[in-house]
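What you see is a predicted model; the values in this text were computed from it and never measured. Ligands are counted one by one from 1 in listed order, and the atoms in each one are counted from 1 as well. Counting from 1, the numbers follow the sequence of the chain as shown.
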Amino acid sequence: MNSYDLIIIGAGPAGLTAAVYAARYKLNVLVIGKIPGGLMGEAHEVCNFPTYDKITGFELVKKMVEQVKKLEVEIKHEEVLDIEKGTEFQIVTGKNKYFAKKIIIATGSKRRSLGVEREKELTGKGLHYCATCDAGFYKDKIVGVVGGGDAALTSALLLSKFAKKVYIIYRRDKFINAEPTWTEEVKKNKKIELIFNSEIEELIGKEKLEGIKLAPKGVPSVEEDVNTEGKKVKLKDGKEVELDGLFVEIGSVPGCAIAEKLGVKMKNNYIIVDKNQGTNVDGVFATGDVTDNPLKQIVTACGEGAVAGYTVYKELMREKSGK
Ligand SMILES: Cc1cc2nc3c(=O)[nH]c(=O)nc-3n(C[C@H](O)[C@H](O)[C@H](O)COP(=O)(O)OP(=O)(O)OC[C@H]3O[C@@H](n4cnc5c(N)ncnc54)[C@H](O)[C@@H]3O)c2cc1C
């Protein structure tokens with residue numbers, strides 16, 4: 001009974017939506033996911049998912065899981081440790097072995113964290129990992145963005161449409177990994193100030209984030225002229241910056257171990273998919289944050305999940321009819 005038409009690895013919005021579609025196409029489907037709801041469960045408040053103008057990530061997870069269960073799809077809270085492709089896929093978790101004709105990889109990604117004390121405690125209380133999701137909370141406030149790549153710069157530009165002041169805090173002395181267009185836009189933006197050669201040493205604030213303490217990285221130190229891009233920053237006490245919010249945009253790490261094992265092609269560790277969510281390996285599909293899609297959000301994960309569920313159904317029908 002451990003044999004399925006389709007096994008979906010990952011129980012975030014991408015995997016759960018793929019399950020809804022596959023179940024409604026009457027496929028025999030199983031979801032295996034370590035954490036029900038995935039990253040979506042960590043979202044303090046979701047305001048950009050159509051249907052709800054405001055809902056907690058926790059509530060959204062509950063609703064999606066309920067919908068999948070109503071369709072009689074089982075969700076196993078197990079970790080996939082190994083996978084092999086033969087006539088069928090053989091999937092090994094810590095507890096069981098499963099078999100499937102097709103698989104969808106929906107293992108998402110992990111945001112890189114700052115690695116400073118109290119980070120977990122202040123997440124959602126002034127500390128954020130997604131400007132697209134949470135910029136709207138900072139109208140006329142002062143915010144910081146950590147990072148120096150495209151994600152950090154575009155986040156700062158987006159935040160500048162809401163906040164009265166945006167600091168970009170970066171450990172190097174210039175932006176070397178960002179597109180020149182974003183660097184130019186940032187330099188022109190009067191609301192944005194740059195703090196180079198600096199790392200965050202401490203998060204300040206009791207119930208919520210109220211500021212940061214910086215430590216110099218390299219030279220010049222943060223107490224001197226910290227900016228080689230032509231803007232100067234005055235830091236309170238030389239080292240502390242008062243903030244209402246801080247956005248960490250230092251990249252993410254995709255869950256690509258399964259894809260690697262199967263020889264799936266990747267770009268910068270994200271799975272390359274075609275418009276049907278197919279990969280270069282027959283029978284292997286991928287959806288959501290683990291793919292090379294440009295917008296890592298719940299709604300896009302759901303959209304890709306739907307396409308993957310549909311494509312698997314079409315392929316199985318075609319194979320059954322022998323065409
Ligand atoms: C703090 C925060 C706030 C956010 N706010 C918003 C927001 O307001 N709006 C928005 O649209 N997006 C938001 N996002 C982004 C959103 O959560 C993600 O884009 C979305 O969850 C991606 O869905 P996914 O299904 O691709 O991956 P994930 O949600 O990451 O799910 C991955 C799933 O795979 C499982 N998995 C991984 N490896 C294995 C394995 N080896 N075996 C078994 N299971 C495995 C995980 O346990 C999980 O179930 C936010 C993210 C964060 C971190």
Do [X] and [Y] have side-chain atoms, one donor and one acceptor, less than 3.5 Å apart?
| X | Y | result |
| --- | --- | --- |
| Thr93 | Glu78 | yes |
| Tyr270 | Ser252 | yes |
| Glu249 | Ser155 | yes |

Please indicate whether any nitrogen or oxygen in [X] is less than 3.5 Å from any nitrogen or oxygen in ligand 1.
| X | value |
| --- | --- |
| Lys296 | yes |
| Ala14 | yes |
| Asn48 | yes |
| Arg111 | no |

Practice problem: Would you indicate whether the side-chain heavy atoms of Val20 and Arg24 approach each other to under 4.5 Å? | Solution: yes

Which residue supplies the protein heavy atom nearest to [atom], what is that atom called, and how far is it?
| atom | value |
| --- | --- |
| atom 1 (C) of ligand 1 | Glu42 O, 3.7 Å |
| atom 27 (O) of ligand 1 | Gly108 CA, 3.3 Å |
| atom 41 (N) of ligand 1 | Val80 O, 3.2 Å |
| atom 12 (N) of ligand 1 | Gln297 NE2, 3.3 Å |
| atom 50 (C) of ligand 1 | Cys133 SG, 4.0 Å |
| atom 37 (C) of ligand 1 | Thr107 O, 3.4 Å |
| atom 11 (O) of ligand 1 | Ile298 N, 2.9 Å |
| atom 34 (O) of ligand 1 | Gly10 CA, 3.2 Å |

Can you list the atoms of ligand 1 that are under 4.0 Å from a heavy atom of [X]?
| X | answer |
| --- | --- |
| Gly288 | 26 (O) |
| Gly37 | 29 (O) |
| Gly12 | 25 (O), 29 (O), 31 (O), 33 (C), 49 (O) |
| Ala106 | 32 (C), 33 (C), 34 (O) |
| Glu79 | 41 (N), 42 (N), 43 (C) |

State the [atom1]-[atom2] distance between [X] and [Y], to the nearest 0.5 angstrom.
| X | Y | atom1 | atom2 | value |
| --- | --- | --- | --- | --- |
| Ile7 | Asn2 | CD1 | CG | 8.0 Å |
| Thr132 | Leu295 | OG1 | CG | 6.5 Å |
| Lys101 | Glu315 | NZ | CD | 13.0 Å |
| Lys85 | Ile91 | NZ | CD1 | 12.5 Å |

Quiz prompt | Pro13, portion touching ligand 1 at heavy-atom distance under 4.0 Å | solution = both

Quiz item: Applying a 4.0 Å heavy-atom criterion (strictly less than), which segment of Glu78 is in contact with ligand 1: side chain, backbone, both, or neither?
Solution: backbone

Below 4.0 angstrom, N of the basic side chain to O of the carboxylate: do [X] and [Y] qualify?
| X | Y | value |
| --- | --- | --- |
| Glu185 | Lys187 | no |
| Glu59 | Lys62 | yes |
| Glu319 | Lys102 | yes |

Please state which option from [options] has its nearest heavy atom closest to [atom].
| atom | options | value |
| --- | --- | --- |
| atom 3 (C) of ligand 1 | Gly57, Pro254, Ala43, Ser109 | Ala43 |
| atom 49 (O) of ligand 1 | Leu16, Thr123, Val31, Ile35 | Ile35 |
| atom 44 (N) of ligand 1 | His77, Lys54, Lys34 | Lys34 |
| atom 52 (C) of ligand 1 | Ile8, Thr17, Leu39 | Leu39 |

Quiz prompt | Over all atoms of both residues, closest heavy-atom pair of Tyr4 and Val29 | solution = CD2-C, 3.9 Å

Practice problem: Assess the pair Tyr138 and Phe247: is the distance between their ring centroids shorter than 6.0 Å? | Solution: yes

Practice problem: Report yes or no: does a heavy atom of Glu45 sit under 4.0 Å from some atom of ligand 1? | Solution: yes

Quiz item: Looking at Tyr52, is Lys54 sitting on its ring face, NZ or CZ under 6.0 Å from the six-membered ring centre and within 45 degrees of the normal?
Solution: no

